[in-house]
Amino acid sequence: MNRTFNAVLFMLAISIVYAQQAGLSHQSMEELILNQGYPLEVHEIETEDGYLLTAYRIPYGKDKASNGKSVIVQHGILCSSAAWVISRPDQALGFLLADGGYDVWLTNSRGNTYSRKHKTYDTSSAQYWDFSFHEMGYYDLPATIDYILEKTNETQLFYIGHSQGTTQFFAMASTRPEYNAKIRHMSALAPIAFLDHTRGTVRTLGFFASVLQKVAWLLNLHYILDQSFVMSFIERTACRQTAITRPICDNILFLIAGYDSQELNVTLVPVITSYTPAGASVKQLLHFSQLLHNNEKFTLYDYGEKYNVFHYGQNTPPQYDLSKVTAPVMLHYAYNDWISGVQDVDKLYTHLPNSKRKVVGFDFFNHLDFMWARDARQLVYDDVLDIMSQY
Ligand SMILES: *[C@@H]1O[C@H](CO)[C@@H](O)[C@H](O)[C@H]1NC(C)=O
Ligand SMILES: *[C@@H]1O[C@H](CO)[C@@H](O)[C@H](O)[C@H]1NC(C)=O
């Protein structure tokens, strides 16, 4: 079984139990940052296609020292800016960067908990949810980069992405190559472009994509797995506190999720699950599932032959031209990451003209450990900051 996916189930299981017993103590992004004694600004960024995104800025760290350089930290699928500030300040990437002198911008992709807004579209409409990681790269990132550069009067900034946060960067840098010049350096944590060697349950679930597509069409469903979904799941299912089935439910959940990561801080699990999953569009999930059996290609969304002609003027979706990603990139990857497979990272490395790679020095490090491992600082973040200090 896929350990990463098991970890996700494990977290869900534990969180359901915690949520029922303790009631969710959910802090806002403002509280998460201000309560730790860091400064905060909240910014709303409008994209070319009318989406309104929320970015949380920690302009400097506790000692107020600043090197005048900005960095975007971009979360992955189903996550949010909260991912970078829920651990202890000496463990969380958001705080470590601020204390390292950086002007930190924790961004949120369209559709997630903090960026579910549009100038004209209703956020439950099909129009609103008609996006995948492509639009997050093509629209969200350029709008965010330009906004920050204008605010700071700088010409370049740093970028750190995790998982889908790297995919959307590659989508941007290959389709709007002029943005490469605005990037000092990009750190790719658990990079994703090719998904041919993704293992385990995530791959198995990928085979159900066509079912998802049909069900979504039948139910007129445009997005899934957001916060209100998780809460209503807890309330409505056999797992609710008062259900006779409750003990069975607990045991089954723990059986499925019988997983223990050395790097996972169990205390943090209920906190993590009170912010995750943060919502994704059906199209976004389908786009990723297409990459799972794509014959080693990193392509735009596949609408099917007929509609591909309409969208792209050809039968098949075009490939992202990775040779246009000229910004300096460091690929941070891990042997036990079942989603971002080592062979796929190798392939990405050979396609990127200006990239280096570094494997995490702990064999059991997994996809989620890049955000929440107890030793993420020693194993990854110290390297990231060290590399950034050279640019
Ligand atoms: C686990 O997380 C909690 C809450 O952030 C923290 O207080 C504790 O020190 C962490 N433990 C380890 C071993 O990192
Ligand atoms: C922005 O930078 C330019 C060139 O470095 C400088 O001429 C200008 O005065 C700066 N503007 C502000 C508002 O700091």
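Start at 1 with the first residue, then count along the sequence. Read the numbers this way: they start at 1 and go in the same order the structure lists the ligands and their atoms. Excluded from the calculations below are hydrogen atoms, water molecules and symmetry mates; all remaining heavy atoms, backbone and side chain alike, are included.
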Please say whether Arg374 places an N or O atom under 3.5 Å from an N or O atom belonging to ligand 1.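 No, no N or O pair falls under 3.5 Å.
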Counting only nitrogen or oxygen atoms and a 3.5 angstrom limit, does Ser87 reach ligand 1?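 By distance alone, the answer is no.
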Distance-only donor-acceptor pairs under 3.5 Å for side chains of residues 180-190, two or more places apart:
residue	atom	partner	partner atom	Å
Asn180	OD1	Thr326	N	3.2
Asn180	OD1	Ala327	N	3.1
Asn180	ND2	Ala173	O	3.2
Asn180	ND2	Pro177	O	3.0
Asn180	ND2	Lys324	O	2.8
Lys182	NZ	Asp146	OD1	2.7
Arg184	NH2	Glu154	OE1	3.2

Non-neighbouring partners of Thr316 that pass side chain to side chain contact (heavy atoms under 4.5 Å, CB included), sequence neighbours left out: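 Residues passing side chain to side chain contact (heavy atoms under 4.5 Å, CB included) with Thr316: Gln314.
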Please could you name the atoms of ligand 1 that Gln91 approaches to less than 4.0 Å, counting only its heavy atoms?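 Matching atoms, with element in brackets: 14 (O).
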Would you check if Met371 and Trp84 make a side-chain contact, meaning some heavy-atom pair closer than 4.5 Å?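 Counting from C-beta outward, Met371 and Trp84 do come under 4.5 Å.
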Are side-chain heavy atoms of Asp103 and Ser66 found at a separation under 4.5 Å?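 Sidechains of Ser66 and Asp103: no contact.
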